[in-house]
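Below: the structure, in structure tokens.
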Amino acid sequence: GENVEQHPSTLSVQEGDSAVIKCTYSDSASNYFPWYKQELGKRPQLIIDIRSNVGEKKDQRIAVTLNKTAKHFSLHITETQPEDSAVYFCAAIPGYSSASKIIFGSGTRLSIRP
Amino acid sequence: NAGVTQTPKFRILKIGQSMTLQCTQDMNHNYMYWYRQDPGMGLKLIYYSVGAGITDKGEVPNGYNVSRSTTEDFPLRLELAAPSQTSVYFCASRQGTSGEETQYFGPGTRLLVL
């Protein structure tokens, strides 16, 4: 079945440094790739997304890149700040026949060291 | 526009009791979902619905039931509560059409079964 793998499971970076989280997907027909941030005790919230006809998208300090050939996509956070500490989930919507469900990765716990 | 709302916020159940977790969305979304999230873990899909009158199992449906009589409401029923059902339950919804893929989560219901 459809699968999204996410790495690393935990990541600790110095404040001000960059953080990169990587995901791979199995369904080559997948066409939408959102990233969610979940702060402690809160709900997951969308922070950025990318569609399959775009290779890169940026929003201030965060960016997402997509490599359709390799079936992987990544989240980049630059100039990390304490408020970036959270769990991040990547996700993908599979091809049309399975488009009713978003497939989530297992999550990355990002910690920002002061 | 309240988005996705869930009640109750927190509940303690005794083993063998039953309860219904309520979920309502006011965005006229077709797709609705129930996830559970155990401490420090990812999101597991329990049940989902692609429209009123249509429901389907996710990856962990045992011990739960759902119904979708209206577009707005998607209650989750727990019968014979067990300690293994101690978790945080998130309801979510999305439109499901091209260009409207964003999935929105409710604030969650924290359930403790003792």
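Each chain gets a letter, A, B and so on, in the order the sequences are listed, and its residues count up from 1.
Proximity of the aromatic rings of Phe33(A) and Phe73(A) is defined here by a centroid distance below 6.0 angstrom, and this criterion is met.
The backbone N or O of Leu76(B) sits nowhere less than 3.5 Å from a side-chain atom of Thr20(B) that would complete a donor-acceptor pair. Listed for the Gln25(B) side chain is no donor-acceptor partner under 3.5 Å among the backbone atoms of Met32(B).
Looking at Phe90(B), only its side chain comes within 4.5 Å of chain A, counting heavy atoms on both sides. Contact of Gln6(A) with chain B is not made at all, since no heavy-atom distance falls under 4.5 Å.
Heavy-atom pairs under 4.5 Å with chain B were tallied for Gln45(A), Lys42(A), Arg51(A); the largest tally goes to Arg51(A). Ranked by heavy-atom pairs under 4.5 Å with chain B, the list Ser106(A), Pro44(A), Gly41(A) is led by Pro44(A).
By the 4.0 Å N-to-carboxylate-O rule, Arg61(A) lies close enough to Asp84(A) to be salt-bridged with it.
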